[in-house]
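Please read the structure below before turning to the comments.
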There are 2 protein chains.
Amino acid sequence: MASVVGEEVSNKQVIFKDYFTGFPKESDMYLTTSTIKLKVPEGSNGVLLKNLYLSCDPVMRILMQRVVPKGFSNYTPGSPINGYGVAKVLDSGHPDFKAGDLVWGSARWEEYSLITVTEGLRKITHSDVPLSYYTGLLGMPGMTAYAGFHEVCSPKKGEYVFVSAASGAVGQLVGQFAKLLGCYVVGSAGSKEKVDLLKNKFGFDDAFNYKEEHDLDAALKRYFPEGIDIYFENVGGETLDAVLLNMKVHGRIAVCGMISQYNLDQPEGVKNLMCLIYKRIHMTGFTVRDYYHLYPKFLDTVLPYIKEGKIAYVEDIAEGLESGPAALVGLFSGRNIGKQVVVIARE
Amino acid sequence: MASVVGEEVSNKQVIFKDYFTGFPKESDMYLTTSTIKLKVPEGSNGVLLKNLYLSCDPVMRILMQRVVPKGFSNYTPGSPINGYGVAKVLDSGHPDFKAGDLVWGSARWEEYSLITVTEGLRKITHSDVPLSYYTGLLGMPGMTAYAGFHEVCSPKKGEYVFVSAASGAVGQLVGQFAKLLGCYVVGSAGSKEKVDLLKNKFGFDDAFNYKEEHDLDAALKRYFPEGIDIYFENVGGETLDAVLLNMKVHGRIAVCGMISQYNLDQPEGVKNLMCLIYKRIHMTGFTVRDYYHLYPKFLDTVLPYIKEGKIAYVEDIAEGLESGPAALVGLFSGRNIGKQVVVIARE
């Protein structure tokens with residue numbers, strides 16, 4: 001259905017209920033319908049967006065806490081949750097955007113948004129790929145994988161790379177970037193289906209289901225008899241502890257996320273940090289925010305890969321804003337296969 | 001008493017009894033007396049050393065374990081323990097050393113040693129400073145402090161630096177190197193006397209007794225209201241956990257040692273590693289072994305500091321090989337004030 005500028009229309013929203021501890025539940029959010037006028041108010045330099053695709057990212061769990069780390073803004077109870085998304089500009093008071101433009105970046109979980117702070121939006125200049133890719137492969141997770149691997153890990157051809165949560169939005173790309181560089185790559189994931197995907201679709205050299213390994217240290221010794229040069233950390237906790245025992249001297253750990261820890265009241269303790277000394281390991285936490293200046297270079301690298309079929313990419317698409325809360329919550333039980341996206345409208 | 005080359009003399013030794021868990025005790029070592037001929041055997045390219053000063057270093061505890069990390073050689077029950085020391089060459093079959101040379105480096109805990117593998121020995125070229133300094137300020141701990149601070153921490157003038165175990169051999173120097181660069185430096189130690197030393201002798205901007213702080217997080221917030229740029233880690237465990245909460249964005253942690261963990265059967269878990277991500281922290285384990293190529297540069301920097309009185313250095317000297325086991329064990333209860341040295345002979 002075409003959206004007519006100037007019309008007042010109903011606007012479905014996913015509202016954040018209240019701060020909580022433990023695993024997120026669908027009931028921590030609820031749907032409501034408000035109305036919105038599809039027009040930027042006179043004199044505003046904002047943009048009026050029709051949201052198309054929304055991204056489900058693990059970091060969103062952190063914004064559901066009452067107390068958040070410095071630099072993060074937690075959700076406001078009673079307001080829509082937000083994250084990354086892809087949208088179409090319906091009306092614009094901003095010189096950089098015009099009606100019809102496609103954008104990706106900060107998005108509220110609602111059908112239409114009036115955005116007055118446009119710093120978080122980027123114009124989509126290449127729309128000859130599925131637009132949903134800008135929530136993943138060509139968006140924040142893609143940049144995260146690219147910067148985290150190439151900038152943080154200082155990788156070299158032939159090195160041994162381990163990726164946890166490897167079939168997720170970031171992990172699947174880290175593994176493929178590593179393969180493209182000529183590394184040996186093993187990934188872990190939480191189901192047979194995901195392991196098959198890693199080996200058969202994403203071209204990992206090997207992969208295993210961590211839920212079937214009662215001794216992660218032994219599993220890693222089996223997959224990396226000579227040790228791990230690079231660990232791309234998405235999980236934390238006991239996975240990190242087992243990895244530390246299996247790192248090689250002068251190994252590097254890029255700490256991207258610790259999804260196993262986000263829902264715990266008290267994070268698990270990591271015991272094997274003395275390995276950092278014995279093995280002279282570099283362990284670096286990073287966030288993609290520090291690397292967006294590389295985005296044009298990233299696009300120049302990745303767009304050809306996509307067109308030449310050198311990168312595979314798997315999305316798990318939930319239909320409709322109504323399915324959003326379940327899709328988001330599903331990340332934390334590993335229900336999604338590949339990048340979890342919510343589609344609100346396809347154009 | 002002069003040592004006459006060729007003579008057969010008695011040779012007191014500190015023997016390692018057997019592997020153990022928990023805190024080391026004096027009774028884990030024992031003294032014995034053997035004999036040794038003060039001559040390098042015909043055809044050997046070894047050296048015959050008279051040991052002068054022995055260094056007590058926390059890492060020696062690790063060598064008393066049955067299982068040690070790759071790259072470490074644990075002690076042999078029934079043989080002398082070893083570490084770093086300063087010695088005088090009595091006889092040499094090696095072209096690089098001659099009788100009368102002073103050397104520092106690998107040393108066995110005994111009065112005289114026949115050393116056949118001389119790679120671990122360095123000739124002392126500057127003997128116009130106390131020779132015992134080559135167990136500390138001008139030896140392994142000094143190089144550790146220098147490389148760990150300047151090479152691993154990427155320090156900048158004006159940055160906020162926290163050093164734990166700050167009155168120890170390494171800590172006291174890290175703090176002073178940081179002050180010489182123009183940083184703001186706070187140290188923690190385990191007694192009022194040590195805290196006084198930090199403030200009044202080593203010129204730290206501030207210092208506190210960690211044993212008097214029931215909430216280390218609160219203490220660090222008091223001393224670093226704006227956060228910590230650089231943490232020089234000597235302690236591990238809950239100190240590290242509290243520091244992680246107080247690091248600044250893009251902070252750096254040089255992991256030099258974790259003395260609080262060496263005597264535990266199971267290391268403490270560190271819970272706040274998610275701060276690595278939120279604050280984009282670099283955490284790097286290192287060992288001085290990777291930096292000895294910088295030793296000449298280090299000497300060029302530090303010798304003038306000593307002569308100009310710009311570096312203070314405190315040693316805790318135990319007299320006689322007999323006092324060695326108690327001195328070594330004392331490290332782990334913090335009994336020593338400054339660098340713990342054992343003097344066997346002064347020349």
Side-chain angles (χ1 to χ4, degrees), chain A residues 58-59 61-62 65 68-72 144 147-148 152 227 233-238 240-241 244-262 264-291, chain B residues 58-59 62 65 68-72 144 147-148 152 226-227 233-238 240-241 244-262 264-291:
Chain A
V59 69
R61 168 64 187 88
I62 292 165
Q65 295 167 193
V68 290
K70 227 178 184 169
F72 289 75
T144 300
V152 179
E233 164 70 303
N234 291 314
V235 165
E238 61 185 42
L240 177 56
D241 248 339
L244 283 164
L245 296 174
N246 288 280
M247 291 297 289
K248 284 166 80 165
V249 165
H250 292 133
R252 285 134 276 150
I253 299 176
V255 190
C256 176
M258 293 189 167
I259 195 171
S260 74
Q261 306 297 300
Y262 297 162
L264 305 178
D265 289 349
Q266 176 81 286
E268 290 176 276
V270 172
K271 298 191 171 69
N272 296 322
L273 290 174
M274 277 198 288
C275 294
L276 295 179
I277 309 174
Y278 303 146
K279 301 176 179 182
R280 297 95 106 186
I281 293 169
H282 288 263
M283 186 165 168
T284 303
F286 75 100
T287 62
V288 65
R289 289 187 257 175
D290 291 340
Y291 295 96
Chain B
V59 69
I62 293 166
Q65 294 167 192
V68 290
K70 229 180 184 166
F72 288 75
T144 300
V152 179
E226 295 178 53
E233 164 70 302
N234 291 314
V235 164
E238 60 185 41
L240 177 56
D241 248 338
L244 283 165
L245 297 174
N246 288 281
M247 291 298 290
K248 283 166 81 165
V249 164
H250 293 135
R252 285 134 276 149
I253 299 177
V255 189
C256 176
M258 293 190 167
I259 196 170
S260 73
Q261 306 297 300
Y262 298 161
L264 305 178
D265 289 351
Q266 176 81 282
E268 289 176 276
V270 172
K271 298 191 171 70
N272 296 323
L273 290 175
M274 278 198 289
C275 294
L276 295 179
I277 309 175
Y278 303 147
K279 302 176 180 182
R280 296 96 106 188
I281 293 169
H282 287 264
M283 186 166 169
T284 304
F286 75 100
T287 62
V288 66
R289 289 187 257 176
D290 289 341
Y291 294 96

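Proteins get letters first, then strands, A, B, ... in listed order; numbering begins at 1 in each. From a predicted model like this one, the values you see are computed outputs, not experimental measurements.
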Rounded at 0.5 Å granularity, tell me how far CE in M283(A) sits from CG in L273(B).
5.0 Å

Cut-off 4.5 Å, heavy atoms of chain A, and the answer for Q266(B) is side chain

Which heavy atom in T287(A) sits nearest to a heavy atom in I277(B), and how many Å separate them?
CG2-O, 3.5 Å

Heavy atoms under 4.5 Å from chain B: which residues of residues 246-255 of chain A carry them?
H250(A), V255(A)

Please classify the contact of E268(B) with chain A as side chain, backbone, both or neither, using a heavy-atom distance under 4.5 Å.
backbone

Just wondering, more than 12 heavy atoms not from E238(B) lying within 6.0 Å of its CD?
no

Tell me every residue that passes side-chain contact (heavy atoms from CB on, under 4.5 Å) with T144(B), counting only those two or more places apart in sequence or in another chain.
M140(B), V170(B), C256(B), F286(B), V288(B)

Report which part of L264(B) has an atom under 4.5 Å of a heavy atom belonging to chain A: side chain, backbone, both, or neither.
neither

Sequence neighbours excluded, the answer for ring-ring contact (aromatic ring centres under 6.0 Å, His included) partners of Y262(B) is none

Shortest non-hydrogen separation from G269(B) to K271(A) and the atoms involved
CA-CG, 4.1 Å

Of all pairs that satisfy salt bridge (Lys or Arg N to Asp or Glu O under 4.0 Å), the ones with a partner from residues 273-288 of chain B, not counting sequence neighbours
D290(A)-R280(B)

